[in-house]
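These notes concern the structure reproduced below.
The figures here come from the full heavy-atom set of this structure, side chains too, leaving out hydrogens, waters and symmetry mates.
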Amino acid sequence: MKNLELQKEIHTTKTLCNGQCKHGPIAVLYPQGTWYKEMNKTKSKELIHKLKENDNVHLGSELYYHDGKTFKNQKSE
């Protein structure tokens, strides 16, 4: 984030379990409400680079997302 000068656009917060520890580490993107599961260094870098280009990011590891009306679980589709 520092190399891309995104410190003002992206804020990180370390949390304890969000009720989805079995899918962790989790990254949650707000205000969109997208939860990304099984994050690692590679996926984190990909997420940050994609966020610089677009705020609607799909990594293929979404656990939950907001469809504009409600939260949905990727497994339920």
Side-chain angles (χ1 to χ4, degrees):
M1 290 186 315
K2 185 176 181 181
N3 290 343
L4 296 172
E5 299 178 356
L6 294 173
Q7 302 95 317
K8 290 183 180 179
E9 288 84 10
I10 298 175
H11 177 75
T12 60
T13 303
K14 184 177 180 178
T15 66
L16 297 175
C17 179
N18 289 316
Q20 294 295 328
C21 289
K22 65 183 175 185
H23 297 291
I26 299 281
V28 182
L29 180 61
Y30 288 108
Q32 295 84 345
T34 306
W35 292 45
Y36 299 94
K37 65 181 179 179
E38 300 165 352
M39 294 299 289
N40 56 35
K41 189 174 183 177
T42 302
K43 284 184 181 180
S44 297
K45 284 183 177 184
E46 181 182 2
L47 177 62
I48 291 166
H49 283 278
K50 286 185 174 186
L51 285 172
K52 184 169 173 69
E53 299 169 11
N54 183 356
D55 65 353
N56 189 13
V57 178
H58 298 284
L59 297 179
S61 65
E62 291 84 357
L63 181 60
Y64 297 104
Y65 68 98
H66 197 272
D67 69 357
K69 296 179 183 176
T70 185
F71 281 99
K72 292 190 174 185
N73 182 319
Q74 287 294 92
K75 285 185 176 184
S76 66
E77 297 198 300

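In this structure, OG1 on T12 lies 10.5 Å from CD on Q7, to the nearest 0.5 angstrom. Here E46 contributes atom CD and M39 contributes atom CE; the two are 8.0 Å apart, rounded to the nearest 0.5 Å. Note that the CD1 atom of I10 and the CG atom of L47 stand 7.0 Å from one another [nearest 0.5 Å].
K37 and I26 make their closest contact through CA-CD1, 3.9 Å (heavy atoms, listed as atom of the first residue, atom of the second, distance).
Remark: E38 engages no residue in a salt bridge (charged side-chain N to carboxylate O under 4.0 Å, His left out) (not counting sequence neighbours).
Contact annotation: the side chain of Y36 never approaches that of K43 to less than 4.5 Å [non-hydrogen atoms, C-beta and beyond]. L51 has its side chain within reach of L29: a pair of non-hydrogen atoms, C-beta onward, lies under 4.5 Å apart.
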